[in-house]
Amino acid sequence: MSDCLFCKIAAGEIPSAKVYEDDAVLAFRDINHQAPTHILVIPKEHIADSAAQITPENSAAVARCFEAVARVAAQEGLSDGFRVITNSGAAAGQTVPHLHFHILAGCEMAEKLI
Ligand code: 5GP
Ligand code: ZN
């Protein structure tokens, strides 16, 4: 999508601090990190605005994202644990409508999610 921020990052039109990349997935550091490690994992293709649009037709890209999550966690040495979050919709705090997963680690995390 031409006016999508994360599509532009995936295309290299907007620079990012890349952590991992393959043919289907890009992982890069969040510009406004909310934990010592805060990495965004995105499908390079704009397959969905959010988790609300995952279907049998596009879910292979979601699996690729989670394979990347495991690789990034190993690469970043997150053996103590990490949290993966996806916000879907404005009411959940989503600000960029291109499916993405936050990897958060490196600080004490509350047992409760909200
Ligand atoms: P959301 O709020 O949609 O779940 O997450 C979007 C995330 O993208 C936010 O954590 C925000 O800090 C991050 N973000 C927004 N613009 C940029 C950018 O230009 N570069 C990077 N690396 N992260 C961004
Ligand atoms: Zn996009």
Side-chain angles (χ1 to χ4, degrees):
M1 264 169 62
S2 58
D3 63 345
C4 169
L5 175 65
F6 285 178
C7 283
K8 287 181 180 163
I9 286 178
E13 291 164 22
I14 292 176
S16 67
K18 269 182 216 173
V19 173
Y20 172 78
E21 182 173 18
D22 61 33
D23 59 310
V25 176
L26 178 68
F28 55 97
R29 297 195 191 281
D30 195 294
I31 206 165
N32 182 27
H33 64 86
Q34 296 185 42
T37 299
H38 187 171
I39 294 164
L40 300 171
V41 177
I42 67 168
K44 284 183 171 176
E45 257 190 64
H46 193 113
I47 60 148
D49 288 355
S50 75
Q53 295 173 356
I54 296 170
T55 65
E57 287 69 40
N58 65 23
S59 62
V62 179
R64 294 289 301 271
C65 284
F66 274 84
E67 289 170 31
V69 166
R71 292 185 72 135
V72 166
Q75 189 181 306
E76 294 284 309
L78 307 182
S79 52
D80 284 351
F82 59 91
R83 185 168 282 176
V84 178
I85 293 175
T86 191
N87 296 320
S88 183
Q94 186 178 15
T95 56
V96 180
H98 176 128
L99 180 67
H100 57 279
F101 302 95
H102 298 253
I103 302 176
L104 297 154
C107 60
E108 196 73 24
M109 303 237 181
E111 254 180 66
K112 287 192 165 186
L113 287 177
I114 54 168

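We number each residue from 1, following the sequence as shown. Counting convention: from 1, in listed order, for ligands and their atoms alike.
Ion pairing of Asp3 with Lys8 is absent here, as no side-chain N (NZ or NE/NH1/NH2) approaches a carboxylate O to less than 4.0 Å. Under a 4.0 Å N-O distance rule, the pair Glu76/Arg29 qualifies as a salt bridge.
Between Leu26 atom CG and Cys65 atom SG the span is 10.0 Å, to the nearest 0.5 Å. In this structure, the separation between CD1 on Ile39 and OG1 on Thr37 is 6.0 Å, given to the nearest 0.5 Å.
Close contacts between ligand 1 and Val96 involve ligand atoms 3 (O), 6 (C) [criterion: under 4.0 Å to a heavy atom]. Atoms of ligand 1 lying under 4.0 Å from at least one heavy atom of Asn32, given by number and element, are 12 (O). Those atoms of ligand 1 that come under 4.0 Å of a heavy atom in Phe28, given as number and element, are 21 (C), 22 (N).
If you check which protein heavy atom lies closest to atom 8 (O) of ligand 1, you get Phe6 CZ, 3.4 Å. The protein heavy atom nearest to atom 15 (C) of ligand 1 is Leu5 CD2, 4.0 Å. Scanning all protein heavy atoms for the shortest distance to atom 2 (O) of ligand 1 gives Thr95 OG1, 2.8 Å.
Only the side chain of His100 comes within 4.0 Å of ligand 1, counting heavy atoms alone; its backbone N, CA, C and O stay farther away. At a 4.0 Å heavy-atom cut-off, ligand 1 does not touch Phe101 at all. Under 4.0 Å from ligand 1, the heavy atoms of Ile9 that appear belong solely to its side chain. With a 4.0 Å heavy-atom cut-off, ligand 1 is reached by the side chain of Leu40 but not by its N, CA, C or O.
Neither Leu104 nor Val84 shares a network with the other; the hydrophobic side chains, linked directly or stepwise wherever heavy atoms of I, L, V, M, F, W or Y lie under 4.5 Å apart, form separate groups for each.
Excluding waters, the set of protein N/O/S atoms under 2.8 Å from the Zn ion (ligand 2) reads Cys4 SG, Cys7 SG, His46 ND1, His98 ND1.
Here the side chain of Asn58 pairs a donor or acceptor atom with the backbone of Gln53 at under 3.5 angstrom. Although no hydrogens or angles enter the test, the distance criterion places no donor-acceptor pair under 3.5 Å between the side chain of Ser50 and the main chain of Gly89. Within the 3.5 Å criterion, the main-chain N or O of Asp49 finds a donor-acceptor partner in the side chain of Gln94.
You'll find the side chain of Val25 stays beyond 4.5 Å of the side chain of Lys44, heavy atoms only.
Ring geometry for His98 versus His46: interplanar angle over 60°, hence perpendicular rather than tilted (30 to 60°).
Closest heavy-atom approach to atom 20 (N) of ligand 1 among the candidates Ile39, Leu104, Ile31: Ile31. Considering Gln34, His102, Gln94, Lys18 only, the shortest heavy-atom separation from atom 4 (O) of ligand 1 involves His102.
Phe28 and Tyr20 have their aromatic ring centers separated by at least 6.0 angstrom.
Using a 4.0 Å heavy-atom cutoff, Ile14 is absent from the residues neighbouring ligand 1. Ligand 1 has no atom lying under 4.0 Å from any heavy atom of Ser16.
Residue-to-ligand polar distances place Asp30 within reach of ligand 1: an N/O pair is separated by less than 3.5 Å.
More than 12 heavy atoms of other residues, nucleotides or ligands lie within 6.0 Å of CZ in Arg64, so this atom counts as buried by the packing criterion.
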